[in-house]
Amino acid sequence: VQLQASGGGLVQAGDSLRLSCSASGRTFSGKAMGWFRRVPGKEREFVAAIRWSGGTIYYADSLKGRFTISRDNAKNTVYLQMDSLKPEDTAVYYCAAQIYFVSPVTGPYNYWGQGTLVTVSS
């Protein structure tokens, strides 16, 4: 299974950005997809997750209201819509996939994408 994240870039504070993560490879029967982010020198942080079946959504409390996760099951793709971006949202964003039915917030995750850099200037 390969995960390809895209959509990162340089934006100004207050702008929006949408990240995409496509899953490919062997028949993908994942249970959930998640987004995480990492700022250099800090630990990886959970951002949001969504279950493939049923679409239950999970968000980091600090990001609720600004970030929206969604999925397109037919395309095996998950999106992260990020609005009202702040400089502190600057990070490398990673998507990840679970193939077992475990907590999408705490994991573990089985597959990881390569990351896409989001830079928010003030």
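Residue numbers start at 1 and run along the sequence shown.
- Under the 4.5 Å side-chain heavy-atom criterion for Ile, Leu, Val, Met, Phe, Trp and Tyr, Leu3 and Val92 are members of distinct hydrophobic clusters.
- Tyr94 has its side chain out of reach of Val47: every pair of non-hydrogen atoms, C-beta onward, lies at least 4.5 Å apart.
- Checking side-chain atoms of Thr77 against main-chain N and O of Lys75 turns up a donor-acceptor pair under 3.5 Å.
- The cationic atom of Arg44 (NZ for Lys, CZ for Arg) lies less than 6.0 Å from the six-membered ring centre of Trp112 and within 45° of the ring axis.
- Panel note: side chain Gln98, backbone Pro108; a donor-acceptor pair is recorded below 3.5 Å.
- Note: Phe46 and Phe36 have perpendicular aromatic rings, judged against thresholds of 30 and 60 degrees for the angle between ring planes.
- Between the Gln114 side chain and the Ala5 main chain, a donor and an acceptor come within less than 3.5 Å of each other.
- Residues passing the salt bridge (Lys or Arg N to Asp or Glu O under 4.0 Å) test with Arg18, sequence neighbours excluded: none.
- Scored by the salt bridge (Lys or Arg N to Asp or Glu O under 4.0 Å) test, Glu45 finds Arg37 as partners (sequence neighbours excluded).
- Following chains of ILVMFWY side-chain contacts shorter than 4.5 Å, one can reach Trp52 starting from Ile99, so the two form part of one hydrophobic cluster.
- Taking the centre and axis of the six-membered ring of Phe101, the NZ or CZ atom of Arg51 falls inside the cone set by 45° and 6.0 Å.
- Within the model, atoms OG1 of Thr68 and OH of Tyr79 stand 14.5 Å from one another, a figure rounded to the nearest 0.5 Å.
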**OP:** For Phe67 and Gln81, run side chain to side chain contact (heavy atoms under 4.5 Å, CB included): C-alpha distance rounded to whole Å, both residues' side-chain angles, the deciding distance at 0.1 Å, then the answer.
**Re:** CA-CA 6 Å; Phe67 287 17; Gln81 177 69 37; over 6 Å; no

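- Atom OG of Ser53 sits about 7.5 Å away from atom NZ of Lys31, to the nearest 0.5 Å.
- The CD1 atom of Ile57 sits 7.5 Å away from atom OG of Ser70, with the distance rounded to the nearest 0.5 Å.
- Leu80 pairs with exactly one of Ile50, Leu63, Leu19 by the side chain to side chain contact (heavy atoms under 4.5 Å, CB included) rule, that one being Leu19.
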Subject >> From CA spacing to verdict: side chain to side chain contact (heavy atoms under 4.5 Å, CB included), Val39, Thr90 >> reply: CA-CA 7 Å; Val39 175; Thr90 296; over 6 Å; no

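- Checking side-chain atoms of Tyr59 against main-chain N and O of Ile69 turns up a donor-acceptor pair under 3.5 Å.
- One hydrophobic cluster, built from ILVMFWY side chains closer than 4.5 Å, holds both Met33 and Tyr111.
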Original post:
Checking side-chain hydrogen bond (donor to acceptor under 3.5 Å, both in side chains) for the pair Asp83/Ser16: CA distance, chi angles, key distance, verdict?
Top reply: CA-CA 4 Å; Asp83 299 319; Ser16 297; 2.7 Å; yes

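- A donor-acceptor pair under 3.5 Å links the side-chain atoms of Tyr109 to the main chain of Pro104, judged by distance alone.
- Here the straight-line distance linking atom OG of Ser22 with atom CD of Gln4 works out to 7.5 Å at 0.5 Å rounding.
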Using atom types as modelled, flag every donor-acceptor pair under 3.5 Å from a side chain in residues 115-122 to any protein atom, sequence neighbours excluded.
from	atom 1	to	atom 2	distance (Å)
Thr116	OG1	Gly8	N	3.0
Ser121	OG	Val11	O	3.3

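- Within the 4.5 Å cutoff, the side chain of Met82 has heavy atoms near those of the Tyr93 side chain.
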